[in-house]
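Working notes, structure below.
All values below come from the heavy atoms of this structure, side chains included, with hydrogens, waters and symmetry mates left out.
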Amino acid sequence: MPTFNTSPGTRDILAPESARWRAFQQVFADVVEHAGFAHIIPPMFEDLGVFLRVGETTEIVTKEMYDFDDKGGRRIALRPEQTASVCRAFVEHRPVTPWKVWYSGPNFRYEKPQQGRYRQFDQVGVEVLGVDDPQLDAEIIALAVEFYRRLGLRGIRLSLNSLGDSGDRERYAAALRTHFVSHLDALSVESRATLERNPLRVLDSKRPEDAGAIAAAPRMADHLCDAAAAHFASVQAALQAAGVDFVIDDRLVRGLDYYRRTTFEFVATSLTAAHTAIGGGGRYDGLVADLGGPETPGIGFALGLDRTLLACDAEGVFAAPATVVEVFIVDVTGGAQAATVCSQLRAAGIGADRAYDARSMKSQMKVADRSGARLALIVGEDEVAKNAVTLRTMETGAQQLVPRDELVAQVKTALGR
RNA sequence: GUGGGCGUAGCUCAGUUGGCUAGAGCGCUAGGUUGUGGUCCUAGAGGUCGCGGGUUCGAGCCCCGUCGUCCACCCCA
C-alpha cells in the first residue's frame, strides 16, 4: 500500500495547536471588528495577472508564485498574499469609501521550506481603501500593536520608514544605483545581482561585506518630496500621541514593489532564528489604479500566524486553550446509558464525552483521565437500579450518588456554574 | 534556487571496525485490582531500518541516486 504525507511546506495542524490557531484568529477578529473593520473572504486563487501587479521585480512574483493552468486554459495562481485580492475586489464591487476590511486565511508561495516559512502559511490582516489621512496610518499600526498586546506578546519592535511617492521612489532608486555602481567592488556578488533588479533591496542585505557601502548610501529621507515628508512627520506625531513606540529605520524597504510612503515592520525580539519579522505593512497608493480602478489610496498590514505563535512560544504566552470536555461518562452497562446522559448534558450546554466498545471500567477511567474532563459520571448496575449516577471529581477522587432527575443541576453545581 | 546536517516502532532516540532473530524510554493495549483514572509491577501489540540501485560471503552501518526533513543563504509572514 502506498502511503502519503503532506506536500513539502504544508502540514497538518493538530490539537491542541489547532485550537490555538482558532483562538488567535478569534482575538484578531475581536480587535479589528471593534475598530469598524468588516470581514472579507477573498478566493484562495485568482487570475495570475492580479498578483503580477504586486511588482515584477519582487521574488514573490518572479520565482515564488504557485501558479498553474486550469482546465479552462486560464492562468491561475494561488494567492501569495491578500492585499492584491482585496484591491481587485474593491475594483470589482466599488464599495463606498473608506472601505475597511479584515481577513484571515492561508497564502501560498513556492519557496524552499524552513522554520517559520511554509508554502502554505496563514496570515491575518486589514486593509483600508480610500483614505489619505496620516492619522489612519498611525491607527492601523496601533491596531496591530493592540493585537500583540492582547496576545500577551511584549518583545515587539516596530520599525518605521517612508518610501515617498512613486516619483521619490524612482529618484531614490536612481541615486542608490549610482552610489552602489561607484562602489561595486565593495559589494558582495549577491548584492551586485540584486542591484540589477532593484537597487532598494540592496539595503536589505545582511551580509557583513555590504555594510560599508550601505552605511554610506544616500538616505531615503533626503529624497522625500514635501508632501511625503509632511505625511511621514504626521504619522510619527500621531504614533507618539497614541503612545506607540517605534524606531525609524530608513533601510526598511520591504519586499513588495507597491509600497509608497509609510512602511512598517514588526520584529519579535524573542526570536533568534532567521525569520524574526512577524508582521508588516504600509501604504500602496497606486495599487488600485494598477488593477484598473480609480486612483485610490490604500494601507494595510499582514501578520504571520505561524511566526507570531513561534514568538508566543518563545515568550511563554498565549497557550492553547483547555479542552472543552467537562464531563466524561463511564458506562459499564453496555453504553446505552452513556448515550442518554451524554445528549442530556450536551443539550444543557455542558461539554460531554464518553467511551465506546463497552470496555472495562478501568480502561474507561483512563480515557476519562486523558480527556481532561473535571468530572466523571459512572453508570453501573447499582446506579441503574437506583435510577442514579455516580459523580466523581477527578482531581480529588470524591464521589457522590446523584439521582437521574437532578443530574444536570448537580453537574452544573460541581462545575461551579 | 544555492550550501550543509539528518532519515531505525506512534513519539524521542541507541545500534561498536559491516557479522546471530534490530533494541530502549515514553505512548498504546491488557492484566495485577471481575466497580474506579493519575503512582507502581507484569505481559503484549507495533519496524519492508525513507525509497531505488551498487559494493560484499554478508549492509541499519560503506558508495551512488532519489525523495523527505531540518538548518543556513536568498527572500519574506
Side-chain angles (χ1 to χ4, degrees), chain A residues 1-11 14 54 57-64 80-83 104-125 144 188-191 193-194 197-198 201-202 204-208 252-256 265-268 271-281 301-311 328 330-333 355 357 359-385 389-399 401:
Chain A
M1 276 293 277
T3 61
F4 297 98
N5 298 94
T6 54
S7 292
T10 68
R11 64 238 156 96
L14 306 177
V54 166
T57 69
T58 67
E59 299 226 333
I60 288 176
V61 169
T62 56
K63 70 173 203 188
E64 295 171 5
E81 52 123 36
Q82 299 189 51
T83 303
S104 168
N107 303 318
F108 307 86
R109 293 179 195 172
Y110 197 91
E111 302 183 89
K112 194 158 175 177
Q114 64 187 72
Q115 186 183 57
R117 189 176 75 182
Y118 305 97
R119 287 186 178 172
Q120 176 178 331
F121 62 101
D122 264 62
Q123 288 182 330
V124 296
S188 62
V189 181
E190 292 84 355
S191 286
T194 306
R197 297 199 312 274
N198 185 345
R201 295 225 55 84
V202 177
D204 257 356
S205 168
K206 294 171 210 152
R207 297 168 191 288
L252 177 64
V253 173
R254 301 196 47 75
L256 300 160
E265 187 169 279
F266 296 100
V267 169
L271 292 180
T272 51
H275 301 110
T276 56
I278 60 171
F301 65 68
L303 313 180
L305 192 155
D306 315 82
R307 289 188 189 177
T308 305
L309 287 179
L310 285 176
F328 196 92
V330 171
D331 177 0
V332 288
T333 67
D357 297 333
R359 298 209 287 176
S360 70
M361 175 171 289
K362 178 187 175 106
S363 142
Q364 292 192 46
M365 284 300 292
K366 278 191 171 186
V367 182
D369 190 43
R370 271 203 299 269
S371 76
R374 289 166 58 197
L375 303 176
L377 288 180
I378 298 166
V379 185
E381 300 300 343
D382 295 353
E383 284 82 358
V384 171
V389 300
T390 294
L391 188 160
R392 180 182 177 90
T393 303
M394 293 301 278
E395 194 179 341
T396 63
Q399 297 192 170
L401 199 62

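- A donor and an acceptor atom, one from each side chain of A/E383 and A/T390, are located under 3.5 Å apart.
- Picking from B/U36, B/C73, B/G37 the nucleotide with the shortest atom distance to the side chain of A/Q114 gives B/C73.
- When the C1' atom is compared between B/C28 and B/C11, the two are found 11 Å apart, to the nearest whole Å.
- Side chain A/D369 to base B/G37: a donor-acceptor pair is found below 3.5 Å.
- Remark: A/M361 CE to A/I378 CD1 distance equals 5.5 Å, nearest 0.5 Å.
- For A/R359, the listed nucleotide lying nearest its side chain is B/U29; candidates were B/C71, B/U36, B/U29.
- B/G1 atom C1' lies 17 Å from atom CZ of A/R109, rounded to whole Å.
- As rounded to whole Å, 14 Å separates atom C1' of B/U2 from atom CD of A/E64.
- Comparing the same atom, C1', in B/G47 and in B/U8 gives a spacing of 8 Å after rounding to whole Å.
- Candidate nucleotides B/A30, B/G37, B/G35 were compared by shortest atom distance to the side chain of A/M394, and B/G37 ranks first.
- Among the heavy atoms of the strands, none lies under 4.0 Å from A/R11.
- Close to B/A30, at under 4.0 Å from its OP1 or OP2, lies a side-chain N or O of A/S363.
- Distance A/R119 CZ to B/A77 P: 18 Å, rounded to the nearest Å.
- If you check every strand for non-hydrogen atoms under 4.0 Å, A/I278 touches sugar and phosphate atoms only.
- The separation of B/G58 from B/U21, taken at their C1' atoms, amounts to 16 Å, rounded to a whole angstrom.
- As rounded to whole Å, 7 Å separates atom P of B/A72 from atom CD of A/Q115.
- When rounded to the nearest whole Å, the span between CG of A/D306 and P of B/C70 equals 12 Å.
- When the side-chain nitrogen and oxygen atoms of A/R370 are compared with OP1 and OP2 of B/C28, one or more of them lie within a distance under 4.0 Å.
- Because its NZ or CZ atom is both nearer than 6.0 Å to the ring centre of A/Y118 and within 45° of the ring axis, A/R11 counts as a cation-pi partner of that residue.
- Considering only the side chain of A/K112, B/U2 comes nearest among B/G35, B/U69, B/U2.
- Below the 3.5 angstrom threshold, one finds a donor paired with an acceptor across the side chain of A/E111 and the base of B/A77.
- The residue A/G280 sits apart from the nucleic acid: no heavy atom pair falls under 4.0 Å.
- A/D382 comes within 4.0 angstrom of a nucleotide base, judged by non-hydrogen atoms across all strands.
- Distance check on atom P: B/G50 versus B/C6 gives 13 Å, rounded to whole Å.
- Between the side chain of A/K362 and the base of B/U33, no donor-acceptor pair of N or O atoms lies under 3.5 Å.
- Put simply, CZ on A/R370 and CZ on A/F328 are 9.0 Å apart, with the number rounded to the nearest 0.5 Å.
- Atom P of B/A9 sits at a distance of 10 Å from the matching atom of B/C49, rounded to the whole Å.
- Remark on RNA chain B: of its neighbouring residues A/M365 and A/L305, the 5'-side contact belongs to A/M365, judged by nearest-heavy-atom nucleotide.
- Between the side chain of A/Q399 and the base of B/U36 there is at least one donor-acceptor pair of N/O atoms closer than 3.5 Å.
- Side-chain proximity of A/K366 to the nucleotides B/C71, B/U69, B/G38 is greatest for B/G38.
- Using a 3.5 Å distance cut-off with no hydrogens or angles, the side chains of A/N107 and A/Q123 do pair a donor with an acceptor.
- The main-chain N or O of A/T10 is never found under 3.5 Å from a side-chain atom of A/S7 such that the two would form a donor-acceptor pair.
- The gap from the P atom of B/G54 to that of B/A59 amounts to 12 Å, rounded to the nearest Å.
- Donor-acceptor pairing under 3.5 Å, judged by distance alone, is present between the side chain of A/R392 and the base of B/G37.
- Of all heavy-atom pairs between A/R119 and A/P8, the closest is CD-O, 3.3 Å.
- A/R359 and A/Q364 form no side-chain donor-acceptor contact under 3.5 Å, judged by distance and modelled atom types alone.
- Taking atom P in both B/U12 and B/C74, one finds a spacing of 30 Å when rounded to whole Å.
- Contact annotation for A/G397: base contact, defined as any heavy-atom pair under 4.0 Å involving a base atom.
- Look at CG on A/D357: it is 12 Å from P on B/U29, rounded to the nearest Å.
- Taking atom CZ on A/F328 and atom C1' on B/U36, their separation rounds to 13 Å, with Å as the unit.
- Remark: A/R109 is not positioned above the aromatic ring of A/F121, lacking an NZ or CZ atom under 6.0 angstrom from the ring centre and at most 45 degrees off the axis.
- Rounded to whole Å, the separation between the P atoms of B/G35 and B/A24 comes to 34 Å.
- Pair assignment for B/U42 gives B/A30, based on Watson-Crick or G-U wobble hydrogen-bonding distances that are each under 3.5 Å.
- Nucleotide B/A24 forms a Watson-Crick or G-U wobble pair with B/U12, both donor-acceptor distances falling under 3.5 Å.
- Judged by Watson-Crick or G-U wobble contacts below 3.5 Å, the nucleotide B/G65 has B/C51 as its partner.
- For the pair A/T396 and A/S360, nearest-nucleotide mapping onto RNA chain B gives the more 5' position to A/S360.
- Between the base of B/C71 and the side chain of A/R117 there is no donor-acceptor pair shorter than 3.5 Å.
- Of the nucleotides present, B/G1 is the one that pairs with B/C73 by Watson-Crick or G-U wobble criteria, both distances under 3.5 Å.
- Counting non-hydrogen atoms under 4.0 angstrom, A/E383 reaches a base of the nucleic acid.
- A/E381 has its CD atom 15 Å from the P atom of B/U36, to the nearest Å.
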